[in-house]
Amino acid sequence: MIPSAGIPKKRQRTAARRSSSTVGTISSVSDVTLTEISQQHHRPSSMADDRPSPMADDCPSPMADDRPSPMADDRSTSPTDEALHFNDAVTADVVLRLFMDSPSPLQSSPTATATATSDSVSNSDFHVYLHSDILRRSKYFSALLSDRWIGHVQSSDHATSGDGDRFLLNLGVPPANGSIQSHLTVLELLYTNDFAAVVDSAATALDLLPVALELLFEECVRWCVDFLEAVPWTEEEEKRVVRLIPFLSEEESKELVARVSPSREDSCEAMLEGLVSSAMNSYGNTAFVKAFVGKILRDLSSRETAKRVLEKAFARSLKTVKESLEDYSSPVFRGDHNETEAIQKLNLHKASTNGKHLLWLVERMIELRVADVAVREWSEQACFTADLQRAFRDDSWRNIVPGLPAVILRCTCRLANAVSAGTILASRQVRRKLVEDWLPVLVVCKDNVSPISPSNKSLYLELEETFLRIISTLPMSDAQELLQRCLSFSTRNVDDCPHLVTAFNTWFRRAARPLKPDSLFDQ
């Protein structure tokens with residue numbers, strides 16, 4: 001996403017300043033370009049010559065006077081606008097020379113552009129025959145053809161005598177500001193107004209918009225902007241739009257800015273919260289939606305944002321499961337038996353549904369390595385685990401939510417595995433409490449969930465092994481206490497519980513070492 005701060009400051013669009021580095025010139029005969037005049041205006045004082053510049057304070061801006069130019073006096077005898085055609089050499093009163101403006105070290109010299117005459121026109125130059133009445137639809141040309149501008153240029157050192165019936169304009173096209181073809185297209189639109197036929201794609205609009213801005217052709221600017229607002233963009237086209245926004249007025253760019261800039265600082269976080277919530281609650285077939293949202297979370301550049309969103313969702317789901325189990329384990333009997341039974345079923349279903357959401361959240365947090373808070377929360381659930389033990393000792397849940405114990409134990413197993421593997425670095429207190437509070441739940445499930453399916457048997461064994469690995473990371477005093485609670489892991493055949501045998505052997509091997517710490521280094 002593109003923050004609004006990343007969009008450059010707006011630049012004023014006036015006839016006195018075009019968005020390109022080169023502006024056009026006018027004279028009755030000569031080929032002198034306004035590039036030279038512009039360079040004289042921006043040239044340091046030490047390099048400036050004595051020739052006047054049309055941008056100087058003593059020469060009014062072309063836009064300062066709305067009086068018609070000498071060419072405008074003959075409008076009554078000129079052909080009507082409808083009879084004027086683009087590039088018509090017969091009726092044209094303006095010849096526009098378009099040329100590729102390639103900056104070079106020579107162009108920084110005060111005399112470099114003075115040699116630019118019609119004799120030096122390259123193969124990339126185009127002469128277009130135009131009409132001043134049509135060109136005035138462009139505010140840039142309207143200013144260029146005004147009284148003050150023409151009078152100044154004709155009285156300058158660059159003007160020469162001529163018949164005065166046709167004016168020559170020179171317009172440099174910087175490579176970064178469109179192609180000559182784009183300029184020709186915009187010039188023809190001054191005649192045809194057929195924007196709908198010409199602007200048929202975002203790429204075309206983006207090619208023409210810089211030229212329309214350059215020539216201050218407001219109708220073309222509005223059409224291109226409206227078109228861009230209404231159509232999709234590729235990633236590259238979006239980059240071009242962002243680069244053009246500073247050259248548009250605030251009103252013109254309002255919709256484009258809203259499309260590429262977040263409306264608030266936490267837009268990304270709010271969007272993710274909505275996606276996670278929808279994935280868990282708003283769709284019947286949540287598996288596909290959860291898989292897609294999981295990919296969005298993995299691809300997100302800001303891991304901290306994903307962490308905050310997942311932690312909030314984890315806390316909400318855990319709270320709902322806890323409250324549902326608490327209401328089930330300690331019901332308030334009101335009304336008849338059927339009503340109480342219906343409420344109990346509702347509590348179990350709510351716990352089971354949110355338990356599945358909780359498992360998905362735990363897996364996403366572990367995948368992104370942002371589950372440290374979840375592990376700490378899970379290790380501080382003495383009341384919750386007590387409610388679970390009471391609920392699982394009761395037979396009522398078997399026919400209502402038979403998968404609830406497995407869902408809760410899978411959450412525990414995922415978090416415990418992450419801790420024992422070092423994916424989550426948990427403190428000694430968290431590791432101890434994780435085993436201490438959740439070991440009794442495992443024992444109750446093993447004793448009360450029957451028949452034990454192969455999947456549940458595998459889950460119980462995995463959780464047993466994980467708890468024993470975590471116990472091996474604790475001080476011997478803690479391990480001694482917890483190992484004695486793991487005797488239920490034993491089986492009829494001792495060879496079927498090697499994980500338990502290994503855990504006790506490890507403890508006794510450590511216990512056989514001498515008490516003095518210094519002697520450990522002698523082993």
- Task: Return yes if a side-chain donor-acceptor contact under 3.5 Å exists between D93 and S132, otherwise no.
- Result: yes

- Heavy-atom side-chain contact between W223 and F217 under 4.5 Å: no

- Could you tell me whether the side chain of E326 reaches within less than 4.5 Å of the side chain of K322, counting heavy atoms only? no

- Task: Taking all non-hydrogen atoms of both residues into account, name the closest pair between I366 and L415 and its distance.
- Result: CD1-N, 4.0 Å

- Query: Does T204 reach the main-chain N or O of D200 with its side chain, forming a donor-acceptor pair under 3.5 Å?
  - Reply: no

- Task: State, with a plain yes or no, whether a side-chain heavy atom of R364 is found less than 4.5 Å away from one of K290.
- Result: no

- Exam field: side chain T185 to backbone Q181, donor-acceptor pair closer than 3.5 Å: yes

- May I ask you to test the I245-V260 pair for a side-chain heavy-atom distance under 4.5 Å? yes

- Query: Do the side chain of S379 and the main chain of R376 share a donor and acceptor less than 3.5 angstrom apart?
  - Reply: yes

- Tell me yes or no: between the side chains of S317 and T320, is some donor less than 3.5 Å from an acceptor? no

- Closest heavy-atom pair and its distance - L404, S352: CD1-CA, 3.7 Å

- Approximate separation, where rounding is to 0.5 Å, of H131 NE2 and T91 OG1: 2.5 Å

- Please indicate whether Y129 has more than 12 foreign heavy atoms, meaning atoms of other residues, nucleotides or ligands, lying under 6.0 Å from its OH. no

- Cation-pi check, R137 onto F141 ring (under 6.0 Å, within 45° of axis): no

- Query: Is the closest side-chain heavy-atom distance between S179 and D207 below 4.5 Å?
  - Reply: no

- Taking 4.0 angstrom as the limit, do D226 and R222 come out as a salt bridge? no

- Task: Apply side chain to side chain contact (heavy atoms under 4.5 Å, CB included) to the pair V321 and F384, showing each step before the final yes or no.
- Result: CA-CA 9 Å; V321 174; F384 179 39; 3.6 Å; yes

- Task: Please report the shortest heavy-atom distance between F227 and V199, naming the atom on each side.
- Result: CE1-O, 3.4 Å

- Query: Any donor and acceptor pair, going by atom type alone, linking the side chain of S142 with main-chain N or O of K139 inside 3.5 Å?
  - Reply: no

- Item | side chain to side chain contact (heavy atoms under 4.5 Å, CB included) between S427 and V430, worked out | CA-CA 5 Å; S427 66; V430 169; 3.3 Å; yes

- Could you please spell out the steps behind the salt bridge (Lys or Arg N to Asp or Glu O under 4.0 Å) verdict for K239 and E236? CA-CA 5 Å; K239 292 177 181 178; E236 284 304 313; 3.3 Å; yes

- Is the NZ atom of K345 crowded by more than 12 outside heavy atoms at less than 6.0 Å? no

- Item | Minimum-distance pair of heavy atoms, taken over all atoms of L145 and R136 | O-NH2, 3.7 Å

- Message: Other residues, nucleotides and ligands only: do more than 12 of their heavy atoms fall within 6.0 Å of NZ on K350?
- Response: no

- Is any side-chain heavy atom of E250 less than 4.5 Å from a side-chain heavy atom of K254? no

- Hey, what's the ring geometry for Y191 with F86, parallel, tilted or perpendicular (30° and 60° as the breaks)? perpendicular

- Compute the centroid of each ring, for H183 and then for F126, and state whether the two points are separated by less than 6.0 Å. no

- Does a side-chain N-to-carboxylate-O contact under 4.0 Å join E269 and R308? yes

- Query: Is there a donor-acceptor pair closer than 3.5 Å between any side-chain N or O of E363 and the backbone N or O of W360?
  - Reply: no

- Message: Test side chain to side chain contact (heavy atoms under 4.5 Å, CB included) on L98 and L187; report intermediate values, then the result.
- Response: CA-CA 11 Å; L98 289 173; L187 290 170; 4.2 Å; yes

- Between F99 and V173, is any pair of side-chain heavy atoms under 4.5 Å apart? no

- Task: Measure the spacing between NZ of K356 and CD1 of I408 and express it to the nearest 0.5 Å.
- Result: 11.5 Å

- For the side chain of H357 and the backbone of M280, is there at least one donor-acceptor N/O pair under 3.5 Å apart? yes

- Query: With a cut-off of 6.0 Å (strictly less than), are more than 12 heavy atoms of other residues, nucleotides or ligands near CZ of R259?
  - Reply: yes

- Query: What are the two closest non-hydrogen atoms of L216 and Y140, and how far apart are they?
  - Reply: CB-N, 3.7 Å

- Message: Tell me if a side-chain donor or acceptor on S253 pairs with a main-chain N or O of L256 at a distance below 3.5 Å.
- Response: no

- Where do A351 and L325 come nearest, in terms of heavy atoms and distance? CB-CD2, 3.0 Å

- Message: Would you compute the distance between atom CD1 of I180 and atom CG of L171 and round it to the nearest 0.5 angstrom?
- Response: 9.5 Å

- Could you please spell out the steps behind the side chain to side chain contact (heavy atoms under 4.5 Å, CB included) verdict for D372 and L425? CA-CA 7 Å; D372 47 325; L425 298 180; over 6 Å; no

- Any donor-acceptor pair under 3.5 Å from E237 side chain to T234 backbone: yes

- Item | Side-chain donor/acceptor of R414 to backbone N/O of L359, under 3.5 Å | no

- Go through the side-chain N and O atoms of N417 and E462 and say whether any donor and acceptor fall under 3.5 Å apart. yes

- Message: So that I can tick it off, tell me whether K307 and E304 are bridged by a salt bridge, with the cut-off set at under 4.0 angstrom between side-chain N and carboxylate O.
- Response: no

- Message: I'd like to check V94 versus R166 (side-chain heavy atoms, cut-off strictly below 4.5 Å). Are they in contact?
- Response: no

- Roughly how far, to the nearest 0.5 Å, is CG of N87 from CG of L184? 8.0 Å

- Taken to the nearest 0.5 Å, the spacing of L361 CG from N354 CG works out to 10.0 Å

- Task: State the CD-CG distance between Q381 and L434, to the nearest 0.5 angstrom.
- Result: 11.0 Å

